[in-house]
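Okay, so here's the structure we're looking at.
Note: hydrogens, waters and symmetry copies are ignored here, and every other heavy atom, side chains too, is used. Per chain, numbering begins at 1; letters A, B, ... match sequence-line order.
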There are 2 protein chains.
Amino acid sequence: MESKEILKQHVAKVATLSNDEFDYFFSHFQPESFKKGQVIISEGAEVKKEYFVLSGCLKSFFVNDDIKMYILQFSMPTWWASDYAALYSQTRATIAIDCISDAEVLSLSNENREKICHELHQAEHFFRWRTNKGYVASQKRLLSFMNNDAKTRYEELLAQYPALYNMVPKHLIASYLGVSRETLSRLYSSSK
Amino acid sequence: MESKEILKQHVAKVATLSNDEFDYFFSHFQPESFKKGQVIISEGAEVKKEYFVLSGCLKSFFVNDDIKMYILQFSMPTWWASDYAALYSQTRATIAIDCISDAEVLSLSNENREKICHELHQAEHFFRWRTNKGYVASQKRLLSFMNNDAKTRYEELLAQYPALYNMVPKHLIASYLGVSRETLSRLYSSSK
DNA sequence: GCGTCTAGGTGATGTAGATCACATTCTGAT
DNA sequence: ATCAGAATGTGATCTACATCACCTAGACGC
């Protein structure tokens, strides 16, 4: 399916746009391709865009002073990714994004998002919905972190994204779960 | 300051509404008062509204099968609270909300929110902004959970909300930090 | 006044998971 | 084909924090 059609179906789930309106909406996006390992947003950089994933897989992550990495999100097709804190408040990136595999995305600049949100009520509606979904997911993950041990979180993740297990190196899964790669290794040798 | 004025100033920070428009916006809210300890949303209940805090302090929390409580958010004046997962998808509450102190709030039903978002583009804009802010805060908290130990999180919390220390019982602060009350007690006997 | 209840402090002990150390693939570049 | 560097597994130790047990000080009713 063509990239325009993918985005169209994604948006149509919550917003009502005529074909002309969608064409206009779509004209604010820009297709971009990245190679496996390529960095899209690096820590400390200016953040100007957000990204809608068409194919491949991105990761959003934070690296602390001890060079330990924590993954906030794996972004699969039809997911969005950016450092939203930096993007909205025009500060430097604290969260980095790069490509786990080759990836096709549609990028949308901060100005263009605000422009189409201003011009099209339904665009604003769509982005409210999308952000709300992210908010709810983030809260759920926070709760899981507080409530569950590593093994439970691991099983939760596999139940939700069975594809990740084969697609993503194990040490990245560990970084997402917030455990060391050694602990993760012991977890699934014990559970299967 | 009158409740209407509090909300007006809060909304005006991001949305441009004429006086008439704001009056209309405001007419969808309902003032409510609660006593200390009173439950606003209980687990398993239907969630029909969200709440804008005018005075006092609410807590949003989750209780697991072992009766352990985890606090997601303390809601101070001009903050919003609800179980947004349940509110948006019309499912039963998994997150409960009650009052740490006597509280005055403005409640907004799910239907009324969607109604004014539909009728007033600027209302939609406001709620997009507010949800984005919550999303960013939630991500930040998630990162802090993954990256920092209990003591660091405790100091972070005090730095951000010095008022909480005297306003809120210590065991609730422990539930927010995700540590046992015993550990919290040892933390601040060691740090001050 | 007295009893009961909740908040809070503190010691002793148990445990999930981190860290360190080293071995074993696997992958990619030359 | 060869070599270097990633990715992974596994044992030994260490540590932050939970849990349990008990104690004290206020708060609130009767």
N/O (side chain, [X]) to phosphate O (OP1/OP2, [N]) under 4.0 Å:
X      : N      : answer
A:S180 : C:dG17 : no
B:S185 : C:dG8  : no
A:Y188 : D:dT8  : no

(request) Kindly say whether, by distance alone, the side chain of B:R186 makes a donor-acceptor pair under 3.5 Å with the base of C:dG11? (result)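 Yes.
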Starting at [atom1] of [X] and ending at [atom2] of [N], how long is that distance when rounded to a whole Å?
X      : N      : atom1 : atom2 : value
B:L184 : C:dG8  : CG    : P     : 9 Å
B:R181 : C:dG9  : CZ    : P     : 9 Å
A:K151 : C:dG17 : NZ    : C1'   : 14 Å
A:K170 : D:dT8  : NZ    : P     : 6 Å
A:H171 : D:dT10 : NE2   : P     : 18 Å
A:K35  : C:dG28 : NZ    : C1'   : 16 Å
B:D66  : D:dA18 : CG    : C1'   : 12 Å
B:E182 : D:dA21 : CD    : C1'   : 10 Å

Tell me which nucleotide among [options] gets nearest to the side chain of [X].
X      : options                : result
B:K68  : D:dA18, C:dA18, D:dA16 : D:dA18
A:P169 : C:dG17, C:dT10, D:dA7  : D:dA7
B:V179 : C:dG8, D:dC17, D:dA7   : D:dC17

(request) Measure from the ring center of A:Y161 to the ring center of A:Y165 and say whether it is less than 6.0 Å. (result)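 Between A:Y161 and A:Y165, the centre distance exceeds or equals 6.0 Å.
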(request) Would you sort out whether B:E156 and B:K151 count as a salt bridge (charged side-chain N to carboxylate O under 4.0 Å, His left out), showing the intermediate values? (result) CA-CA 9 Å; B:E156 243 177 45; B:K151 182 159 189 169; over 6 Å; no
(request) May I ask you to say whether A:E119 pairs ionically with A:K115, meaning some side-chain N is under 4.0 Å from a carboxylate O? (result)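 Looking at A:E119 and A:K115, the cut-off is met.
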(request) Decide, yes or no, whether a salt bridge links A:K49 with A:E32 under the criterion of side-chain N to carboxylate O below 4.0 Å. (result)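 A:E32 and A:K49: salt-bridged.
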(request) Check every strand shown and say whether A:G37 touches a base, only sugar-phosphate, or nothing at a heavy-atom separation below 4.0 Å. (result)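 Answer is nothing: A:G37 stays at 4.0 Å or more from every strand.
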(request) Mark yes or no: B:R141 above the aromatic ring of A:F145, with NZ or CZ under 6.0 Å from the six-membered ring centre and no more than 45 degrees from the axis. (result)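 Cation-pi check for B:R141 and A:F145: fails.
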